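Please read these numbers as outputs of a predicted model, since none were measured by experiment. All heavy atoms count here, side chains included; hydrogens, waters and symmetry mates do not.
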There are 2 protein chains.
Amino acid sequence: MEDHEKIDKARERIIETIAQNIHLYGLVPSAGRQFGTMFFQNEPLTLDDMTEKLGMSKTSMSTSVRALSELKLVERAWKKGVRKDLYKVTDDWHQSFIDLFSIKWQRSVTLHTAAIKKSLAELEELLQNPVLSEELREEVQIDIDKLKYMKDYYNWLERLIDAFEDQRIFDLVPKFENSNENTKN
Amino acid sequence: MEDHEKIDKARERIIETIAQNIHLYGLVPSAGRQFGTMFFQNEPLTLDDMTEKLGMSKTSMSTSVRALSELKLVERAWKKGVRKDLYKVTDDWHQSFIDLFSIKWQRSVTLHTAAIKKSLAELEELLQNPVLSEELREEVQIDIDKLKYMKDYYNWLERLIDAFEDQRIFDLVPKFENSNENTKN
DNA sequence: TTGTTTGTACAGTAAAAACTGTACAATAAA
DNA sequence: TTTATTGTACAGTTTTTACTGTACAAACAA
């Protein structure tokens with residue numbers, strides 16, 4: 001095998017692994033391949049570069065690079081004299097993980113918290129009704145307890161997101177093993 | 001509005017919110033609706049119960065309840081005299097979150113770690129070749145550095161998963177706010 | 001101004017995933 | 001044993017999602 005083929009093979013293995021795991025980011029394999037391809041490129045790429053390297057339409061490249069950007073997996077880059085948009089892989093992967101975690105779960109927490117609050121208020125209100133049958137009153141109380149449990153859980157999730165966002169997670173799990181320098185970078 | 005309709009409305013809001021967020025678990029809305037429906041039921045449900053309540057085929061109920069089980073969101077339940085399989089929502093949601101986190105990411109870490117190890121070995125081997133051109137040697141070295149970066153990152157992710165699995169995450173983010181009793185439950 | 005280039009909206013098509021109904025194996029009941 | 005019930009494999013259908021090609025608006029160049 002020719003030497004550069006060996007390099008390519010080593011890269012391909014990594015790229016395929018990324019492609020097969022990118023669903024964890026809510027993306028499809030081709031977006032993972034795109035990310036992986038950019039990762040092994042030492043220069044930022046244009047949409048046309050990606051079209052060529054991946055053999056896919058420019059429209060696809062445009063939409064998936066946007067998806068990758070929204071998850072902060074890639075970012076815009078600049079190079080003087082180049083008019084086209086340039087993109088490169090974000091270089092702090094720990095931060096990318098945190099961003100992903102935050103983006104994905106924060107929305108869920110917000111939506112759930114709002115829904116819980118509203119339903120809880122309606123049920124509490126229902127409980128005020130003096131002519132409510134004992135049977136229904138009991139059913140309502142059970143639901144209220146369930147919603148309160150959910151509320152506590154989502155409150156925990158919110159605080160968990162905070163612990164990632166403000167980097168406290170690195171106090172618990174330092175970036176490098178057996179390292180006290182977890183404030184670095 | 002009739003009283004029980006009010007209860008149903010409060011429940012529906014929560015169920016729909018779950019359905020719209022369950023994609024975070026890699027599941028489709030209907031599985032979320034199934035989960036939500038089970039959550040507000042005070043008795044474990046059979047597949048036939050679910051078929052009736054959700055108006056979907058039994059086959060669908062079977063496959064999605066399995067998906068829910070694999071993520072430990074629901075579990076089998078037993079009730080004497082009932083021959084059919086019974087399922088109920090897992091009651092420790094913090095633990096469910098940890099299980100999800102663990103199941104989803106551990107696989108990714110394992111696959112990536114193996115791929116990185118293999119590619120790294122191939123590239124190191126390539127570097128041994130004494131007649132390798134200076135240009136290629138440099139290219140290989142850059143890739144090796146990138147793979148080492150990935151290796152560190154996935155090592156961190158592995159330790160992060162461990163911190164969730166062995167409950168140390170609750171030291172950083174207690175289940176209840178301002179609580180020192182984070183070892184409880 | 002007019003002519004190019006670039007990124008994306010949009011409509012249509014291809015591919016994938018969700019869902020259903022049938023058929024059947026496994027288990028329990030008679 | 002036979003009969004009934006239950007869960008799921010599998011094939012087919014419907015629905016959804018991914019992807020492509022065209023058309024065009026925005027930004028730049030001349």
Side-chain angles (χ1 to χ4, degrees), chain A residues 15-16 18-38 41 43-71 73-88 104, chain B residues 15-16 18-38 41 43-71 73-88 104:
Chain A
I15 293 172
E16 269 314 305
I18 293 172
Q20 282 163 30
N21 286 283
I22 201 85
H23 68 271
L24 292 167
Y25 290 74
L27 300 175
V28 293
S30 71
R33 230 163 273 125
Q34 192 174 7
F35 175 87
T37 303
M38 292 170 77
Q41 227 53 38
E43 293 292 324
L45 298 183
T46 66
L47 291 179
D48 290 318
D49 293 336
M50 300 175 203
T51 293
E52 195 207 316
K53 292 209 180 279
L54 296 164
M56 287 177 73
S57 73
K58 197 174 176 182
T59 303
S60 283
M61 295 301 96
S62 173
T63 54
S64 49
V65 90
R66 177 159 49 181
L68 287 164
S69 299
E70 275 166 11
L71 294 177
L73 289 172
V74 308
E75 57 189 13
R76 296 283 302 265
W78 283 269
K79 220 167 80 176
K80 66 174 178 185
V82 179
R83 199 170 129 189
K84 302 181 184 184
D85 292 355
L86 288 166
Y87 298 93
K88 71 189 226 11
K104 292 263 173 196
Chain B
I15 293 173
E16 269 313 305
I18 293 172
Q20 283 164 28
N21 286 282
I22 202 85
H23 69 271
L24 291 168
Y25 290 74
L27 301 174
V28 293
S30 72
R33 230 163 274 127
Q34 193 174 6
F35 175 88
T37 304
M38 290 171 79
Q41 228 53 38
E43 293 291 324
L45 298 183
T46 66
L47 292 179
D48 290 316
D49 293 335
M50 299 174 204
T51 293
E52 194 207 315
K53 292 207 180 282
L54 296 164
M56 289 177 71
S57 73
K58 198 175 175 181
T59 303
S60 282
M61 295 301 96
S62 173
T63 54
S64 50
V65 90
R66 177 158 51 178
L68 287 164
S69 298
E70 275 166 11
L71 293 177
L73 289 172
V74 308
E75 58 190 13
R76 297 281 303 267
W78 283 269
K79 219 167 84 179
K80 66 174 178 185
V82 179
R83 197 170 131 189
K84 302 179 184 185
D85 292 356
L86 289 165
Y87 299 92
K88 70 189 228 8
K104 293 262 171 195

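Using a 4.0 Å cut-off, no side-chain N or O of Thr46(B) falls inside it from OP1 or OP2 of dT6(D).
Between the CG atom of Asp85(A) and the P atom of dA26(D) there is a distance of 16 Å, given to the nearest Å. Residue His23(B) contributes atom NE2, which lies 17 Å from atom P of dT16(D) at whole-angstrom precision. Atoms CG (Asp49(B)) and P (dT6(D)) sit 11 Å apart, rounded to a whole Å. Taking atom CD of residue Glu52(B) and atom C1' of nucleotide dT6(D), one finds them 17 Å apart after rounding to whole Å. Between the CG atom of Leu47(A) and the C1' atom of dT8(C) there is a distance of 10 Å, rounded to whole Å. Taking atom CG of Asp48(A) as the reference point, atom C1' of dT8(C) lies 13 Å away to the nearest angstrom. The CG atom of Leu54(A) sits 15 Å away from the C1' atom of dT20(D) (whole-angstrom rounding). Between the P atom of dC19(D) and the CE atom of Met50(A) lies a distance of 15 Å, rounded to the nearest Å.
Residues meeting the side chain to side chain contact (heavy atoms under 4.5 Å, CB included) test with Lys88(A), sequence neighbours left out: Pro44(A), Glu75(A), Ala77(A), Asp91(A).
In this structure, Lys84(B) contributes its side chain and Leu47(B) its backbone to no donor-acceptor pair below 3.5 Å.
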* Residues Thr37(B), Met50(B); criterion side-chain contact (heavy atoms from CB on, under 4.5 Å); working and verdict -> CA-CA 8 Å; Thr37(B) 304; Met50(B) 299 174 204; over 6 Å; no

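Residue Arg83(B) places a side-chain atom within donor-acceptor reach of the base of dT5(D), judged by atom type and a 3.5 Å distance cut-off alone.
Once rounded to the nearest 0.5 Å, the distance linking CG of Leu54(B) with CE of Met38(B) reads 10.0 Å.
Thr51(B) and Asp48(B) share no side-chain donor-acceptor pair at under 3.5 Å.
The stretch residues 55-69 of chain B touches DNA chain D through Lys58(B), Thr59(B), Ser62(B), Arg66(B), each having a heavy atom within less than 4.0 Å of the strand.
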Per-pair distances, 0.1 Å, donor-acceptor, side chain in residues 61-69 of chain B, under 3.5 Å, sequence neighbours excluded:
unit_1, atom_1, unit_2, atom_2, d
Thr63(B), OG1, Thr59(B), O, 3.3
Thr63(B), OG1, Ser60(B), O, 3.0
Ser64(B), OG, Gln34(B), OE1, 2.5
Ser64(B), OG, Ser60(B), O, 2.8
Ser69(B), OG, Val65(B), O, 2.8

